[in-house]
Structure formats: structure tokens, C-alpha cells
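The structure appears right after this line, and notes come after that.
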Number of protein chains: 2
Amino acid sequence: MAHQKDLPSTAYAILGLLTWGEMSGYDLGKLIEGSIAHFFFRPAKSQIYAELRRLVGRGFATEREVAQDSRPDKRLYAVTPDGRQALRRWLDGSEAGPEVFRSPLCLKVFLGAQMDRETLAAQVKTALLQAEASLAAFQGDEREIAGRPEFFYPNFVLQRGIAHERATILWASDVLKALEQEQEREGA
Amino acid sequence: MAHQKDLPSTAYAILGLLTWGEMSGYDLGKLIEGSIAHFFFRPAKSQIYAELRRLVGRGFATEREVAQDSRPDKRLYAVTPDGRQALRRWLDGSEAGPEVFRSPLCLKVFLGAQMDRETLAAQVKTALLQAEASLAAFQGDEREIAGRPEFFYPNFVLQRGIAHERATILWASDVLKALEQEQEREGA
DNA sequence: TCAGCCATGTAATGGGTTACATGATTGA
DNA sequence: TCAATCATGTAACCCATTACATGGCTGA
């Protein structure tokens with residue numbers, strides 16, 4: 001009964017955000033951009049809407065049309081008790097899929113022997129600057145949510161992001177240093 | 001001319017590994033498992049073979065059938081000059097796709113309010129143990145390749161993996177501590 | 001005036017996974 | 001004897017992205 005087939009984990013991500021409160025697909029998009037996009041996935045809008053329809057089809061969410069003037073009409077979605085149960089089952093289970101770290105930069109560094117040293121260094125430098133920007137943004141978020149109990153759990157994830165960016169910055173600096181040393185050794 | 005359509009980055013990953021030397025699809029699978037799988041992607045066997053055929057079709061690799069007795073016959077693939085050029089263009093360019101960190105664990109922690117505290121703690125603990133195992137494995141690799149100049153570039157990526165696992169371990173420990181404190185506060 | 005926000009979707013494509021299929025050799 | 005290694009693929013499926021489509025309101 002209930003579910004013939006398991007949903008993809010992205011469905012549970014959306015279901016999870018809906019526990020935050022009733023929302024439209026558009027709202028979800030905004031919310032994802034500031035949270036889940038950083039540590040899970042950044043779906044296309046079209047996928048959000050498709051996934052919401054599926055959740056309604058499964059009975060995991062309800063849809064409610066709200067007419068607005070001076071704005072387009074919208075549909076608000078809310079989790080059902082069935083939805084909460086399904087989410088809970090998924091959260092408690094251990095088949096949530098693997099941790100994935102996919103880094104084109106690491107691939108390029110790995111294949112560094114195929115590149116000009118300068119070009120590689122430039123790309124590492126770019127990544128370093130991006131990591132610094134991310135870190136600054138995360139630290140801004142940190143100040144914003146500090147001490148707010150409703151962000152008790154999200155704050156853990158934010159801390160992980162901060163740790164990750166810090167590690168990236170240190171690593172990139174080390175790589176750049178090593179690359180320069182190698183350049184000198186060759187030049188001399 | 002040359003290429004009507006860009007290849008997906010996974011094709012360049014395989015092309016890059018082929019610069020290591022002539023290999024079969026099977027060999028590539030083994031090699032990926034010990035390298036690229038950790039920081040880029042872990043393709044299904046079927047995809048490796050499909051991607052190799054495409055590379056040959058584009059003229060980026062050559063195929064050579066080798067008969068063997070007491071083992072199945074195999075096909076060896078090697079990069080062509082065109083392939084090297086294409087790889088180089090991709091490496092030098094900046095459209096390599098985004099850095100992706102997809103962590104179901106982070107999603108669960110983010111939604112921690114929906115779970116039993118103990119269940120969440122157990123899952124964090126599991127991740128911690130896995131990170132410790134990965135770290136140990138990476139440190140084994142580190143000892144193996146230490147000082148070997150042909151691993152100059154791969155070593156950077158290994159260092160990143162080590163830094164990442166260390167950060168994960170510290171973070172998970174912090175989360176567990178905080179979760180226990182919260183438990184005590186409630187219990188008291 | 002004009003970019004950007006609000007708001008929702010369809011259609012086409014394809015990258016990637018899963019399941020299925022085969023089968024000899026080698027070492028524990 | 002039995003699992004693992006070597007070795008290559010086909011077929012089906014589907015999650016996810018990209019491009020396309022619409023259109024009023026708001027603030028700089």
C-alpha cells in the first residue's frame with residue numbers, strides 16, 4: 001500500500017522544506033537558494049513544480065489555489081500527515097544515497113601535468129576567491145541566525161559550510177605556494 | 001568543424017585518465033575507483049564503455065583489439081593528438097561545471113527537528129566513522145605516493161581529501177557534543 | 001523606461017543508473 | 001567448491017537540465 005516505489009531523495013528535500021510551513025513553488029525556489037542549494041541540490045524551477053505535483057499525487061502534500069490581484073495567482077502546498085510519516089521514514093532510514101563531492105577543479109588539478117602551470121594556478125586562484133566570497137556570505141548568515149532557537153539544526157549545516165570553505169581556502173593557498181616553488185625551481 | 005557539440009565533463013575525465021597510458025574500459029574502471037571516484041564521479045561500467053565509444057567516434061581516442069587466451073579479449077584505448085587538444089581546451093577553459101557537494105547527511109541534520117535526537121545522533125556517528133575510515137585509507141595512499149614525482153599533481157587532490165575528512169570528523173564530533181548537551185538540558 | 005520580481009508551467013533532450021546477459025580462469 | 005577477477009556490453013528507465021512561453025506589477 002502507501003508507496004509502490006520510493007521517491008528520489010530530492011522529493012524528500014522538498015517535503016522537508018514544506019515542514020517549515022505552507023509555501024508555493026516559487027517560495028520553495030527562494031528558500032532552496034538560501035539553504036539546500038549549498039549542501040544538497042539546486043533544482044530547476046520546472047523540477048520543483050513537477051516534484052510538487054508528484055507529492056500531491058502521492059498524498060504527501062495538499063495543493064490550495066490562492067487568487068491574488070496585482071500578482072499572479074499561486075498554489076500553496078502543505079505537508080499531509082502521510083507526508084510527514086513518509087519523510088520520517090526516509091530520515092530514519094539509511095538508504096539516503098551517497099555523499100557526493102564533485103569538483104571539476106580537483107579533476108583539473110589531478111590532470112595538472114596536462115596544463116600550463118600558470119593556467120592551472122589561475123584557476124586555483126579563482127576557486128580561492130570564490131571560497132572567500134562564500135565564507136563571507138556564510139558568516140553573514142551566521143550573525144543573522146545566532147542565538148535563534150528555530151535555527152538550531154540549520155546552524156549545524158552552516159557550520160559545516162564554513163568549515164568546508166575554510167579548508168578549501170587553506171588548501172588552495174598551499175597548492176598555489178607549491179606551484180610557485182616549482183616554477184622557481186625550474187626558472188633557476 | 002572538430003566538435004559540433006561539447007562533450008560532458010565526464011568524457012574529459014576519461015580522456016584525462018587515458019593520458020596516463022593505453023587502457024581498457026575495465027582498467028579505467030579500476031583506476032577511477034582509486035582516484036576520480038573520490039572527487040569527481042563514479043560511473044557505471046556501462047557508461048565507461050559508452051563514453052569510450054563516443055570518444056573513438058569523435059576521433060579523440062583510438063581503439064585496438066587485443067586477443068588473449070586464458071582471459072577474455074579486450075580493447076585498448078589511447079588518446080589521439082586531437083583528443084589531447086580537446087582535453088587541453090577543456091582544461092584551460094572555464095566552463096567545467098560547478099563544484100557540487102551533495103550530502104544527504106547534511107539534509108538530515110538540516111531537518112533534524114523532524115527526527116528523534118538519538119536517531120539523528122546515530123546517523124552522524126555513522127558518518128563520523130566512515131570519515132575516519134576514509135581518512136585512514138587516504139593516509140595509506142599518502143605514504144605510498146610520498147616523494148614520487150609522477151604523483152605531484154594527484155597528491156594535491158589527495159591532500160584535499162585528507163583535509164576534507166578531517167573537517168568532517170571535527171564537525172561531526174561537534175554536532176554530537178551539542179546534541180548530547182541538548183539531551184541533558186532536557187533530561188534535567 | 002526598463003530591469004527585476006512574482007508566478008507557473010510544457011517540451012525536448014540526455015546524462016547516468018539499474019538490471020540483465022555471458023563465461024572462462026584463478027586462488028582460497 | 002565457490003567466490004572473485006577479468007572483460008564487455010544491451011535495454012529500459014528516469015531524474016534533471018535547458019530552452020521556450022507568458023505577462024502584470026514595482027521601484028530605480
Legend entry - Side-chain ion pair, A:E51 and A:R54, N-O less than 4.0 Å: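 Salt bridge: yes.
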Which nucleotide in the list [options] gets nearest to the side chain of [X]?
| X | options | value |
| --- | --- | --- |
| B:P72 | D:dA7, C:dT17, C:dC6 | D:dA7 |
| B:K74 | C:dT8, D:dC15, D:dA7 | D:dA7 |
| B:A44 | C:dC6, C:dT8, C:dT17 | C:dT17 |

At less than 4.0 Å, is any side-chain N or O atom of [X] found next to OP1 or OP2 of [N]? Yes or no.
| X | N | value |
| --- | --- | --- |
| B:Q68 | D:dA7 | yes |
| A:R42 | D:dT17 | no |
| B:R53 | D:dT10 | yes |
| A:Y49 | C:dT8 | yes |
| B:R102 | D:dA16 | yes |
| B:R71 | C:dT26 | no |
| A:T10 | D:dC15 | no |
| A:Q47 | D:dT17 | yes |

Inset, instruction - Show the numbers, then the answer: is there a salt bridge (charged side-chain N to carboxylate O under 4.0 Å, His left out) between B:E65 and B:K74? - result: CA-CA 6 Å; B:E65 200 146 4; B:K74 62 179 173 178; over 6 Å; no
Legend entry - A:E99 and B:Q130: side chain donor to acceptor below 3.5 Å: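 No, no side-chain donor-acceptor pair sits under 3.5 Å.
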Inset, instruction - Say whether A:R102 and B:S9, considering side chains only, have a donor N or O and an acceptor N or O under 3.5 Å apart. - result: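 A:R102 vs B:S9: donor-acceptor pair found between side chains.
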Inset, instruction - Confirm from the modelled atom types if A:S46 and C:dT8 form a donor-acceptor pair under 3.5 Å, side chain to base only. - result: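 Counting by modelled atom types and ignoring angles, no donor-acceptor contact under 3.5 Å is found here.
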Inset, instruction - Measure distances between side-chain N and O atoms of A:S70 and base N and O atoms of D:dT26, and say whether any donor-acceptor pair falls under 3.5 Å. - result: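 Check fails, no donor-acceptor contact within cut-off.
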Inset, instruction - Might you work through the ring pair (Phe, Tyr, Trp, His ring centres under 6.0 Å) test for A:F101 and B:F39, ending with a clear yes or no? - result: CA-CA 6 Å; A:F101 175 60; B:F39 56 82; 8.2 Å; no
Between [N] ([atom2]) and [X] ([atom1]): distance, integer Å:
| X | N | atom1 | atom2 | answer |
| --- | --- | --- | --- | --- |
| A:Y26 | D:dG23 | OH | C1' | 14 Å |
| A:K30 | C:dA7 | NZ | P | 10 Å |
| A:R64 | C:dA7 | CZ | C1' | 16 Å |

